[in-house]
**Q** 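Could you have a look at this structure, given as structure tokens, before my questions?
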Amino acid sequence: MNNSSKKDRGLLVILSGFSGAGKGTVIRELMKRYDNYALSVSATTRKPRPGEQEGVSYFFKEEDEFLQMIQRGELLEYAKYVDHYYGTPAAYVDRNLDEGRDVILEIEIQGALKVKEKRPDAMMIFVTPPSAEELKKRLTGRGTETEEVIDARMRRAAEEAEGMEKYDYILVNDDLDTCVEQLHQLIRMQHMAASHQKAFIGEIQKELLALSYI
Ligand code: ADP
Ligand code: 5GP
């Protein structure tokens, strides 16, 4: 018997990390290489940046629409981050988990901790570059922010680093290829956790009972 024949629910994977750590890059590459992942698209009240598309980057909402989503219980979590609301629509997450896909949430720490409270078996992964110097280099190299904004993001990173110990895993994004493979392997390993093998465990328990009464 092979436990891969019985499909369990997918895993909920939370990815957080400093702005500029490479989260977006790593997720894009992971999804290109493997097809069992679904990336959750958040709702936000912030305005789209040039090039961002409705329903792809975010679902862009007015504040009253966002508050209605909260009231209707449509969000798995939400948080206010630098003057704007961000939240995870629950329906997409649950549909994909039910279909056996591993769902990735790229969210900040307040939201991550709320998800962990509601779904204790969610994996919490924190992505970091190998050093602060490298973070500054990447933020500068991306060329999307002014020097002032880069300094603000570096200060914010120092605050965010305070929460790193709350995560289950720290993933160092030094060489991109290595990082993507480590992330994939980490998630594969987590599938072996007994808490994610309920279908298999139930099945083998039934089979053992049946055979032991022959
Ligand atoms: P985040 O989504 O965490 O804010 P991005 O994915 O936008 O970060 O990456 C920030 C910058 O760092 C981008 O210019 C990206 O090309 C670069 N980058 C990402 N991963 C690596 C890596 N492993 N090595 C070097 N540069 C990287
Ligand atoms: P940005 O405005 O740069 O796209 O995102 C700002 C921050 O909000 C990032 O740290 C990002 O991970 C986080 N974020 C994006 N979507 C969500 C969400 O649905 N919930 C929470 N809690 N944070 C989010």
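Ligands are counted one by one from 1 in listed order, and the atoms in each one are counted from 1 as well.
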**Q** Regarding ligand 1, does G141 bring an N or O atom to under 3.5 Å of one of the ligand's N or O atoms?
**A**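 No; the residue has no nitrogen or oxygen that sits under 3.5 Å from a nitrogen or oxygen of the ligand.
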**Q** Distance under 4.0 Å to a non-hydrogen atom of R46: what atoms of ligand 2 satisfy this?
**A**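 In order of numbering, the contacting atoms are 1 (P), 2 (O), 4 (O).
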**Q** Within 45 degrees of the axis of the six-membered ring of Y85 and under 6.0 Å from its centre: does K80 put its NZ or CZ there?
**A**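 Positive - K80 is close enough to the ring of Y85 and near enough to its axis.
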**Q** Is the shortest distance from a Lys or Arg side-chain nitrogen in R33 or E181 to a carboxylate oxygen in the other one below 4.0 Å?
**A**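 Looking at R33 and E181, the cut-off is met.
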**Q** So, does K61 use its side chain to make a donor-acceptor pair with the main chain of T44 at under 3.5 Å?
**A**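 No; zero donor-acceptor contacts below 3.5 Å.
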**Q** Are any of the N/O atoms on Y86, whether in the backbone or the side chain, positioned under 3.5 angstrom from an N/O atom of ligand 2?
**A**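 By distance alone, the answer is yes.
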**Q** Nearest 0.5 Å, what's the OH-OG distance between Y92 and S40?
**A**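 Here the rounded value is 7.0 Å.
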**Q** Distance to 0.1 Å, residue and atom name: give those for the protein heavy atom nearest to atom 5 (O) of ligand 2.
**A**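 The closest one turns out to be Y58 OH, 3.3 Å.
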**Q** Which residue holds the protein heavy atom closest to atom 26 (N) of ligand 1, what is that atom called, and what is the gap in Å?
**A**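 Answer for atom 26 (N) of ligand 1: R138 NE, 3.5 Å.
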**Q** Using a distance threshold of 4.0 Å (strictly less than), state whether atom 15 (C) of ligand 2 has a protein heavy-atom neighbour.
**A**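 Within 4.0 Å of atom 15 (C) of ligand 2, protein heavy atoms are found.
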**Q** In terms of side-chain geometry, is the basic nitrogen of D94 or R9 positioned less than 4.0 Å from the acidic oxygen of its partner?
**A**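 R9 and D94: salt-bridged.
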**Q** Relative to the heavy atoms of G111, which atoms of ligand 2 are at a distance of less than 4.0 Å?
**A**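 What qualifies from ligand 2 is 22 (N).
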**Q** Which protein heavy atom lies closest to atom 7 (O) of ligand 1, and at what distance to 0.1 Å?
**A**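 The answer is R142 NH1, 2.8 Å.
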**Q** Is ligand 1 less than 4.0 angstrom away from at least one heavy atom of G17?
**A**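 Heavy atoms of G17 never come under 4.0 Å of ligand 1.
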**Q** Show the nearest heavy-atom pair for residues I170 and M164, with the distance to one decimal.
**A**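 The answer is CD1-O, 3.7 Å.
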**Q** Can you tell which of P130, G20, S16 gets a heavy atom nearest to atom 1 (P) of ligand 1?
**A**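 Considering heavy atoms of P130, G20, S16, the nearest to atom 1 (P) of ligand 1 sits in G20.
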**Q** Would you mind running through ligand 1 and noting each atom that sits below 4.0 Å from a heavy atom of D174?
**A**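 Here the atoms of ligand 1 in question are 22 (C), 23 (N), 24 (N).
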**Q** Regarding D121 and K116, does a basic nitrogen lie under 4.0 Å from an acidic carboxylate oxygen?
**A**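 No, D121 and K116 are not salt-bridged.
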**Q** With heavy atoms of F18 as the reference, note each atom of ligand 1 found under 4.0 Å away.
**A**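 Heavy-atom distances to F18 below 4.0 Å select 3 (O).
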**Q** Report, in ascending order of atom number, the atoms of ligand 2 lying under 4.0 Å from any heavy atom of A79.
**A**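 With A79 as reference, the close atoms of ligand 2 come out as 22 (N).
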**Q** For the backbone of E106 and the side chain of K23, can you confirm whether one donor and one acceptor N or O come within less than 3.5 Å of each other?
**A**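 No; zero donor-acceptor contacts below 3.5 Å.
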**Q** Please state whether A21 comes within less than 4.0 angstrom of ligand 1, counting heavy atoms only.
**A**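 It does; at least one heavy atom falls under 4.0 Å.
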**Q** Let me confirm one number: the CD1-NZ distance from I201 to K198, rounded to the nearest 0.5 Å.
**A**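 These two atoms lie 8.5 Å from each other.
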**Q** Could you check whether E108 and S16, counting side-chain N and O atoms only, form a donor-acceptor pair closer than 3.5 Å?
**A**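 On atom types as modelled, these side chains do not qualify, holding no pair under 3.5 Å.
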**Q** Report yes if some N/O of K23 lies less than 3.5 Å from some N/O of ligand 2; otherwise report no.
**A**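 Between K23 and ligand 2 (N or O atoms, distance only) the closest approach is not under 3.5 Å.
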**Q** Students should be able to answer this: which protein heavy-atom is nearest to atom 2 (O) of ligand 1, and at what distance?
**A**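 It is G24 N, 2.9 Å.
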**Q** Near Y81, which atoms of ligand 2 are under 4.0 Å from a heavy atom of that residue?
**A**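 Within the 4.0 Å cut-off of Y81, ligand 2 contributes 6 (C), 7 (C).
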**Q** Nearest non-hydrogen atom to atom 11 (C) of ligand 2 belongs to which of Q110, E106, E160?
**A**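 Nearest heavy atom to atom 11 (C) of ligand 2 lies in E106.
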**Q** What's the shortest distance from atom 23 (N) of ligand 2 to any protein heavy atom, and which residue and atom give it?
**A**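 Of the protein heavy atoms, E108 N, 3.3 Å lies nearest.
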**Q** I'd like to know if the side chain of D168 reaches the main chain of M124, judged simply by a donor and an acceptor atom lying under 3.5 Å from each other, with no hydrogens or angles considered.
**A**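 Checked: pair present.
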**Q** With only distance considered, is K23 within less than 3.5 Å of ligand 1 through an N or O on each side?
**A**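 N/O-N/O distance under 3.5 Å: yes.
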**Q** Out of I150, D151, T146, which residue meets the side-chain contact (heavy atoms from CB on, under 4.5 Å) rule with E148?
**A**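 Result: among I150, D151, T146, T146 is the only option passing the side-chain contact (heavy atoms from CB on, under 4.5 Å) with E148.
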**Q** Does the distance from a Lys or Arg side-chain N to an Asp or Glu carboxylate O, for E29 and K32, drop under 4.0 Å?
**A**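 Salt bridge present between E29 and K32.
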**Q** Which of the numbered atoms in ligand 2 are below 4.0 angstrom from a heavy atom of R49?
**A**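 Counting from 1, the qualifying ligand atoms are 1 (P), 2 (O), 3 (O), 4 (O).
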**Q** I'd like the name of whichever of G24, G17, A21, S42 reaches closest to atom 19 (O) of ligand 2 through any heavy atom.
**A**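 Of the listed residues, S42 has the closest heavy atom.
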**Q** Distance to 0.1 Å, residue and atom name: give those for the protein heavy atom nearest to atom 6 (O) of ligand 1.
**A**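 Result for atom 6 (O) of ligand 1: T25 OG1, 2.5 Å.
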**Q** Taking N96 for its side chain and A38 for its backbone only, find out whether a donor-acceptor pair lies under 3.5 Å.
**A**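 No.
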**Q** Under a 4.0 Å N-O cut-off, is there an ion pair linking E134 with K137?
**A**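 A salt bridge links E134 with K137.
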**Q** With heavy-atom distances below 4.0 Å as the criterion, list the atoms of ligand 1 near L176.
**A**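 Counting from 1, the qualifying ligand atoms are 23 (N).
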**Q** Would you say Y78 contacts ligand 2, with heavy atoms under 4.0 Å as the rule?
**A**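 Outside the 4.0 Å threshold, so no.
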**Q** Could you give the distance from CG (L105) to CG (L12), rounded to the nearest 0.5 Å?
**A**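 The CG atom of L12 is 4.5 Å from CG of L105, to the nearest 0.5 Å.
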**Q** Please indicate whether any nitrogen or oxygen in R28 is less than 3.5 Å from any nitrogen or oxygen in ligand 1.
**A**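 Looking only at distances, the answer is no, because the N/O contact criterion of under 3.5 Å is not met.
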**Q** Can you list the ligand 1 atoms lying under 4.0 Å from a non-hydrogen atom of S19?
**A**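 Those atoms are 4 (O).
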**Q** May I ask you to decide if the ring planes of H184 and Y37 are parallel, tilted or perpendicular, using 30° and 60° as cut-offs?
**A**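 Perpendicular, since the angle between the ring planes exceeds 60°.
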**Q** One residue to check: E77. Relative to ligand 2, which of side chain, backbone, both or neither has a non-hydrogen atom less than 4.0 Å away?
**A**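 Side chain only.
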**Q** Just need the protein heavy atom nearest to atom 20 (N) of ligand 1, so name the residue and atom and give the distance.
**A**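 Atom 20 (N) of ligand 1 sits closest to the protein heavy atom N173 ND2, 3.1 Å.
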